[in-house]
**Q** 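Once you've had a glance at the structure underneath, I'll fire off some questions.
Naming convention: chains lettered A, B, ... in sequence-line order (proteins, then strands); numbering from 1 in each chain.
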2 protein chains.
Amino acid sequence: MSFTIKDVAKLANVSIATVSRIINNQTGYSEKTKKKVLEAIEELGYEPNAVARGLINKRTHTIGVLFPKLSSTLVTDLLSGIEKATHDVGSSVIVCHTESNGEKTMKYLQLLNEKRIDGIIFTSAPLLEEYYQYIKKMNVPMVLLSTETYAHPVPYVKVNDRHAAYTATQFLINKGHKKIGMISGNKDDIISGKPRIDGYISALQDNNLLVDEKKIIFNRGFSFYDGMDSLKILLKQAPDITAVFAASDELAIGAISSAYQLGIKVPDELSIIGYDNLSIAEMSVPPLTTVAQPLTEMGEMAANMLFEMLDSDKLIESRIMPHKIVERKSVRDQEV
Amino acid sequence: MSFTIKDVAKLANVSIATVSRIINNQTGYSEKTKKKVLEAIEELGYEPNAVARGLINKRTHTIGVLFPKLSSTLVTDLLSGIEKATHDVGSSVIVCHTESNGEKTMKYLQLLNEKRIDGIIFTSAPLLEEYYQYIKKMNVPMVLLSTETYAHPVPYVKVNDRHAAYTATQFLINKGHKKIGMISGNKDDIISGKPRIDGYISALQDNNLLVDEKKIIFNRGFSFYDGMDSLKILLKQAPDITAVFAASDELAIGAISSAYQLGIKVPDELSIIGYDNLSIAEMSVPPLTTVAQPLTEMGEMAANMLFEMLDSDKLIESRIMPHKIVERKSVRDQEV
DNA sequence: TTGTAAGCGTTATCAG
DNA sequence: CTGATAACGCTTACAA
């Protein structure tokens, strides 16, 4: 039912080549024919077929974004930034939910390849060798978002997790806390697990505070439930702590919930600092003090980098985004 | 760098027609040539070009999903369901963030039209006449998700808002509450504003309880901040209430935050019930009792309906999804 | 069972 | 300034 460039050409009494020139803002036609053609386009309500264009131009103006999860506002914030930057340049984004599943991821990659998308943003998960090799073969640019790889020269945008964790811990120390526990993610997660633990430990050491294995809880993930369980265990192992650094906001809010159940007042009896600054951080009771990642900006940045690579295909530098403490009500001064 | 069907044909020493038949599982070739071709495909790592296929088949295996916001877990839950169902049939989803902006929406619709997507899911916002007309012209199926329209025969999937609100209010009444306030969304929002207010009022009336304008707060939206402000005003206007029904979880959690600031204990001094059952509901302190919408299932349902329409192009019925109360800790019995 | 060739809706390279 | 015409990578009659 859609009209084609042929219909326009016929109605305007010109060749399709001329119509093509006009809709692509090229040169080589008179004002008069331009007007004639534009009127024909208007009259028919013609809109060019991006599929046909994609076939010949080898550019689909579509990018693929891979997410391990589609469930927290971390994703929405990231996605929101990507979507904005992408739409601003007239492209669109296809979302792919991999569930951290290798097979699903490969299937998605194949789908994206068949669709001949222009580029890939790979978020929040380790870039396995298999993925890298496949994407390399696809021959499209890719940028890593909220993750990075040491094995290959792929540009990324993320905060420095180790540094951010250090900042969070130091913040607690500055408030007078000396016995500080940590609820961490997976210590085998080399991207966002280990570095945050390292940051915590470094801060302790730099302040001559004892590092105590009992004060660190290792989890599988970064979820609310992990946080709930963790606080209970932590309190059993190290009842004397006055503050805890949680490696994600969900973990932190889980801990707050646990504290509430246990009758422990936050921050009066226990201070808690989170990591991420999701929207839930300001909704919690008490509002969560946390180290903020500029998630939306990171998404925008990643998309913009991708488009830059697309246009110039020169190498591009990675970006370490700034983090900062957002102080709310879940941490209080600790008298010495 | 990608190989084409021609390369495969040449390597296998057959015509491209034969290759096409084989990769499309048609009939009309010997086992021997099939084997030969499959080997060639394997050797080259050939993957069909979906763009070229789309051009000729008039099917892009891509759908567009329009969201007014990309910021809450309501969206992620919906999206997650859509994504799953879509990927299960080998299609992909393009996300469009309209910001409830008419101009942006129209631009998106145009983009989707140029991309020749197969269908549209329109979520959580009123389907303006202008949108409807445009989509009608696009001549692709559409389904409404978490919204509906009275002006046109467009299938939708949503819960019955009025009924769900009634259920929530009745739940409060069953717990012994008689003075029940409501924090509502926009009363001019005919989809999810007005019906929830009506449901609340009906429940009151059916139980011979007084309906008092002062006990209802009208907001612009459904946000956390609206909820914070609302509770303060509500308490000023009607200090004797023992329970409140909030028209969204964010509203409810905003109210809980306000109560906390005001030194009012939830649920001991004030019971609060929400609406949506987002993931934040279980993370709040106290955990929020709320009426649940099966968001992920709704997303899946909408996508499946779309594909059904695509395959059969017969008319399809709308679905009223079931709601239910999820009882947690924010509502308590009220002694008479 | 197989191959040839005509499209699908564009863009781009030629001539004129 | 304008118009044929050959791609782009595929599917599908129609022949062989």
Side-chain angles (χ1 to χ4, degrees), chain A residues 1-38 40-41 44-62 90 110-111 113-118 138-139, chain B residues 1-38 40-41 44-62 90 110-111 113-118 138-139:
Chain A
M1 323 301 126
S2 256
F3 292 105
T4 76
I5 199 172
K6 262 188 200 159
D7 302 311
V8 176
K10 195 182 298 174
L11 183 60
N13 252 310
V14 296
S15 72
I16 61 170
T18 300
V19 178
S20 177
R21 284 185 195 103
I22 290 169
I23 61 182
N24 287 297
N25 283 315
Q26 309 197 42
T27 55
Y29 47 82
S30 68
E31 271 307 309
K32 209 171 60 187
T33 52
K34 175 174 180 179
K35 186 155 171 280
K36 218 170 34 175
V37 168
L38 257 21
I41 288 177
L44 296 178
Y46 165 76
E47 277 170 15
N49 183 329
V51 181
R53 281 180 157 179
L55 182 57
I56 189 157
N57 290 333
K58 277 126 175 40
R59 264 268 226 153
T60 50
H61 293 282
T62 306
Q110 182 179 338
L111 193 73
N113 183 36
E114 294 187 0
K115 292 231 161 102
R116 300 301 196 258
I117 46 115
D118 297 334
M138 283 174 69
N139 198 35
Chain B
M1 321 299 125
S2 256
F3 291 104
T4 77
I5 199 173
K6 260 188 204 160
D7 302 312
V8 177
K10 194 181 300 171
L11 184 58
N13 252 311
V14 296
S15 74
I16 61 172
T18 299
V19 178
S20 177
R21 284 184 195 104
I22 290 169
I23 60 183
N24 287 299
N25 282 314
Q26 310 195 42
T27 55
Y29 45 82
S30 68
E31 271 307 310
K32 208 171 63 187
T33 52
K34 176 173 178 180
K35 184 154 174 281
K36 216 167 39 173
V37 168
L38 258 19
I41 288 176
L44 296 177
Y46 165 76
E47 277 170 15
N49 182 331
V51 180
R53 283 180 154 178
L55 184 57
I56 187 160
N57 290 332
K58 277 124 175 40
R59 265 272 224 148
T60 51
H61 293 282
T62 306
Q110 182 178 339
L111 192 74
N113 183 35
E114 294 187 1
K115 292 229 162 107
R116 300 302 194 258
I117 46 114
D118 298 334
M138 284 174 68
N139 197 34

**Q** Asn49(B) side chain N/O closer than 4.0 Å to the phosphate oxygens (OP1, OP2) of dC8(D)?
**A**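 Indeed not, no polar side-chain atom of Asn49(B) lies that close.
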**Q** Out of dT2(D), dC10(D), dT10(C), which has the shortest distance to the side chain of Arg53(B)?
**A** dC10(D)
**Q** Considering only side-chain heavy atoms of Ile56(B), which listed nucleotide, dG9(C), dT11(D), dG3(D), is closest?
**A** dT11(D)
**Q** Donor-acceptor pair, Lys115(B) side chain versus Thr60(B) backbone, under 3.5 Å?
**A** no
**Q** Remember a base hit wins even if backbone is also touched, and classify Thr27(A) as base, sugar-phosphate or nothing at under 4.0 Å, heavy atoms.
**A**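 No contact.
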**Q** Figure out the NZ/P separation between Lys32(B) and dT1(C), and round it to whole Å.
**A**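 Whole-Å distance recorded here is 12 Å.
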**Q** Once rounded to the nearest 0.5 Å, what's the spacing between atom OH of Tyr29(A) and atom NZ of Lys36(A)?
**A** 14.0 Å
**Q** Can you tell me whether the side chain of Arg21(B) and the base of dG3(C) have a donor-acceptor pair closer than 3.5 Å?
**A**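 In this structure, the two groups form a donor-acceptor pair.
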**Q** Could you check Ile23(A) against Ser30(B) and say which one's nearest nucleotide on DNA chain C is further toward the 5' end?
**A**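 Nearest nucleotide further toward 5': that of Ser30(B).
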**Q** Starting at the 5' end of DNA chain D and moving along, which residue's nearest nucleotide shows up first, Ile16(B) or Tyr29(A)?
**A**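 The answer here is Tyr29(A).
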**Q** With respect to the side chain of Lys6(A), which nucleotide from dC14(C), dG3(C), dC8(C) is positioned closest?
**A**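 Looking only at heavy atoms from C-beta outward on Lys6(A), the closest nucleotide is dC8(C).
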**Q** When the distance from NZ of Lys58(B) to P of dT12(D) is rounded to whole Å, what number comes out?
**A**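 About 12 Å, once rounded to whole Å.
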**Q** Tell me whether the OP1 or OP2 atom of dG9(C) has a side-chain N or O from Thr4(A) closer than 4.0 Å.
**A**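 Answer is no, no contact under 4.0 Å.
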**Q** Could you check how far CG of Asn13(B) sits from C1' of dT2(C), rounded to whole Å?
**A**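 Distance, rounded to whole Å: 13 Å.
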**Q** How close or far is atom C1' of dG9(C) from atom CG of Leu55(B), stated in whole angstroms?
**A**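 In whole Å, dG9(C) C1' lies 5 Å from Leu55(B) CG.
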**Q** Could you tell me the separation between the CZ atom of Phe3(B) and the C1' atom of dC10(D), rounded to a whole number of Å?
**A** 17 Å
**Q** Under the side-chain contact (heavy atoms from CB on, under 4.5 Å) test against Val19(B), which residue among Asn24(B), Asp7(B), Thr4(B), Val14(B) passes?
**A**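 Among Asn24(B), Asp7(B), Thr4(B), Val14(B), the one meeting side-chain contact (heavy atoms from CB on, under 4.5 Å) with Val19(B) is Val14(B).
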**Q** Under 4.0 Å between any heavy atoms, over every strand shown, what does Val14(A) touch: base, sugar-phosphate, or nothing? Just pick one.
**A**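 The answer is sugar-phosphate, as Val14(A) gets under 4.0 Å only of primed atoms, P, OP1 or OP2.
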**Q** Rounded off to whole Å, could you give me the CZ-to-C1' distance for the Arg59(A) and dT11(C) pair?
**A** 15 Å
**Q** Whole-Å distance between dT2(C) P and Lys36(B) NZ?
**A** 7 Å
**Q** Report the distance from atom CD1 of Ile5(B) to atom P of dA7(D), rounded to the nearest whole Å.
**A**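 To the nearest whole Å, that distance equals 18 Å.
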**Q** Side chain to side chain contact (heavy atoms under 4.5 Å, CB included) for Glu31(B) and Lys34(B)? Distances and angles first, verdict last.
**A** CA-CA 5 Å; Glu31(B) 271 307 310; Lys34(B) 176 173 178 180; 4.1 Å; yes
**Q** First locate atom OG1 of Thr18(B), then atom CG of Asn13(B), and finally report the distance between them rounded to the nearest 0.5 Å.
**A** 11.5 Å
**Q** Quick one: which of dG9(D), dT12(D), dG3(D) gets closest to the side chain of Ser20(B)?
**A** dT12(D)
**Q** Side-chain N or O of Gln26(A) versus OP1/OP2 of dA12(C): is the shortest distance under 4.0 Å?
**A**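 Affirmative; the distance criterion is met.
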**Q** Thr18(B) side chain: which of dA4(D), dG3(C), dT10(C) is closest?
**A** dG3(C)
**Q** Asn57(B) side chain N/O closer than 4.0 Å to the phosphate oxygens (OP1, OP2) of dC8(C)?
**A**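 For Asn57(B), the contact criterion (side-chain N or O under 4.0 Å from OP1 or OP2 of dC8(C)) is not met.
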**Q** Nearest to the side chain of Tyr46(B) - dG3(D), dG9(C), dC10(D)?
**A**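 Per side-chain heavy atoms of Tyr46(B), the pick is dC10(D).
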**Q** Show the nearest heavy-atom pair for residues Tyr46(A) and Ile23(A), with the distance to one decimal.
**A**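 Between these two residues, the closest heavy atoms are OH-CD1, 3.9 Å.
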